[in-house]
S.K.: 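Have a look at the structure that comes next, please.
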Amino acid sequence: MALRNAVGRTAQRLGLGPVARAALKGARATSSGAQTAVRVAHDRARALDEKRRWWGYRRDVKFGVRLEVVSGRPRVDALPVVMCLWHRPSRMSEILDTLEAQNVGRPIRLVLWNNAPENDDLYQDVFAHRIFRNISSIELHSSGINMGGIGRFLAMRELTRTGYDGPFVMFDDDEVVSPYFLRDLLAAYRPGSITGWWAYRYDGTYYARRTLHHGEEANYIGTGGAACDSRLVRSRAFFDALPERYLFLEDMWMSAFARWNGWRLSKVDTPGDFALREADQHHGIFDLKTDFSLYLNDAVPVRDDIVNHRVHARTAWTPIESDAQLDQERSSIVARYRDDYPKPLHEAPGTVVGPDDAS
């Protein structure tokens with residue numbers, strides 16, 4: 001600032017004031033134009049990344065994913081523990097120690113979805129130097145596109161396709177828990193439920209939430225540290241009706257979808273904490289959680305007989321193979337129930353609605 005003022009005074013003494021002002025104005029305009037161009041380019045690149053991520057997700061929903069067995073042999077009677085990985089390879093050894101210390105009366109089938117494939121070799125090196133007692137097998141899917149947490153459900157769906165039925169546990173690579181963590185989650189679990197330690201009730205918006213005591217009913221459970229009925233991932237509606245804008249908010253979507261289908265969500269009081277929070281993807285979606293909670297408040301419930309045995313929908317959900325078919329399916333359902341259901345239909349494409357959804 002002092003230098004600029006000195007230059008301005010010198011220009012005035014030399015009679016170059018108008019020229020200097022014009023030059024400064026031009027420089028400011030050029031700088032502003034360059035900043036605008038950078039912002040536009042950044043926004044376009046981000047939009048392209050989001051579109052690639054969405055179409056990658058739709059591809060995996062349609063064709064499934066491949067799980068590579070990197071250790072042991074998968075057993076149908078083992079408890080699936082499904083975990084998403086994101087730039088925390090330094091924690092893998094500690095996580096394996098934690099899982100090895102768990103005692104749930106059955107082996108653990110560890111299923112990993114890696115959103116940062118450049119770390120694959122680091123993980124493989126850790127696995128190669130371990131001898132496992134509780135972990136009967138480790139399976140890995142390396143995703144070329146960062147799908148966020150929704151990947152855990154795509155991975156778990158593959159296990160149900162090969163015969164698994166029962167609860168599975170979701171875990172994150174930033175969690176620090178006790179040797180009783182899995183036992184506590186499963187002790188509270190029942191079919192048609194989700195139990196978790198990161199559980200709240202919120203009123204209106206996500207951050208207007210209150211803490212709960214053990215066993216209290218929640219309307220939100222985080223996908224890191226929860227036991228869930230595997231019927232959830234048997235539902236094609238669960239995957240098809242997830243709005244594109246909120247792909248990274250699989251925790252809120254899971255909670256809403258389960259409640260719409262009559263499941264009970266409950267708090268489990270068990271020790272837990274987080275590590276390496278600076279590597280958390282949550283920092284980039286803070287405001288989006290508020291937006292999605294408002295969206296879900298007004299959304300028409302998505303129901304599916306596969307996950308809801310107490311509610312018999314008039315229309316069974318059928319797999320949707322393309323966006324065109326999805327739009328056609330949605331239009332036919334909306335037209336069928338328009339007279340009985342006059343509420344504005346602003347839900348995600350593919351939602352199954354009916355007169356009994358008005359409650």
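All residue numbers in this chain count up from 1 along the given sequence.
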S.K.: Quick one: list whatever passes side-chain contact (heavy atoms from CB on, under 4.5 Å) with P74, sequence neighbours left out.
M.R.: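 Expected list: V69, R109, S137, E139.
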S.K.: Between T195 and L185, which heavy-atom pair has the shortest distance, and what is it?
M.R.: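 Nearest heavy atoms, T195 then L185: OG1-O, 3.0 Å.
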S.K.: Answer whether the closest heavy-atom distance between the side chains of F292 and R245 falls below 4.5 Å.
M.R.: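 With C-beta onward as the side chain, the pair stays apart.
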S.K.: Among residues at least two apart in sequence or on other chains, which ones pass side-chain contact (heavy atoms from CB on, under 4.5 Å) with S230?
M.R.: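 In terms of side-chain contact (heavy atoms from CB on, under 4.5 Å), with neighbours along the sequence ignored, S230 is linked to M156, T160, Y164, D165, F168.
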S.K.: Are any of the side-chain heavy atoms of Y123 and L112 separated by less than 4.5 Å?
M.R.: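 No; the side chains remain at least 4.5 Å from each other.
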S.K.: Ring centres under 6.0 Å, that's the criterion: do W197 and F274 meet it?
M.R.: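 W197 vs F274: aromatic centres under 6.0 Å.
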S.K.: Run the salt-bridge test on D240 and K62 with the 4.0 Å N-O cut-off and return the result as yes or no.
M.R.: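 No, D240 and K62 are not salt-bridged.
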S.K.: Does this structure show an ion pair linking K51 with E244, if we count only N-O contacts that are shorter than 4.0 Å?
M.R.: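 The answer is yes: the pair qualifies as a salt bridge.
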S.K.: When the ring planes of F257 and F238 are compared, do they come out parallel, tilted or perpendicular, using 30° and 60° as the limits?
M.R.: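 Rings of F257 and F238: perpendicular, over 60°.
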S.K.: Who are the side chain to side chain donor-acceptor pair (under 3.5 Å) partners of E94, not counting sequence neighbours?
M.R.: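 So E94 forms a side chain to side chain donor-acceptor pair (under 3.5 Å) with R91.
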S.K.: Tell me yes or no: between the side chains of Y202 and N219, is some donor less than 3.5 Å from an acceptor?
M.R.: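 On atom types as modelled, these side chains do not qualify, holding no pair under 3.5 Å.
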S.K.: So does Y220 get a backbone contact from the side chain of S255, meaning a donor-acceptor N/O pair under 3.5 Å?
M.R.: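 No; judged by distance alone, with no hydrogens or angles, the pair does not exist.
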S.K.: Going by side chain to side chain donor-acceptor pair (under 3.5 Å), name the residues that satisfy it together with D120, two or more places apart in sequence or in a different chain.
M.R.: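 For D120 the side chain to side chain donor-acceptor pair (under 3.5 Å) partners, ignoring immediate neighbours, are N114, S142.
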S.K.: Have D251 and W253 got a donor and an acceptor in their side chains that come within less than 3.5 Å?
M.R.: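 On atom types as modelled, these side chains do not qualify, holding no pair under 3.5 Å.
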S.K.: Applying side-chain hydrogen bond (donor to acceptor under 3.5 Å, both in side chains) as the test, list every pair that has at least one member in residues 63-79; sequence neighbours left out.
M.R.: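 Qualifying pairs: R75-D77.
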S.K.: Is it the case that the side chains of E250 and T223 hold a donor-acceptor pair, with the cut-off being a distance below 3.5 Å and no angle test?
M.R.: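 E250 and T223 do have a side-chain donor-acceptor pair below 3.5 Å.
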S.K.: In terms of ring plane angle, is the pair F286 and Y207 parallel, tilted or perpendicular, where the classes change at 30° and 60°?
M.R.: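 Ring orientation of F286 relative to Y207: parallel.
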S.K.: Sequence neighbours left out, what passes side chain to side chain donor-acceptor pair (under 3.5 Å) with R161? Give chain and number order.
M.R.: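 E158.
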S.K.: Backbone N or O of N308 within a donor-acceptor pair of the R303 side chain at under 3.5 Å?
M.R.: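 Side chain of R303 to backbone of N308, a donor-acceptor pair under 3.5 Å: no, none is there.
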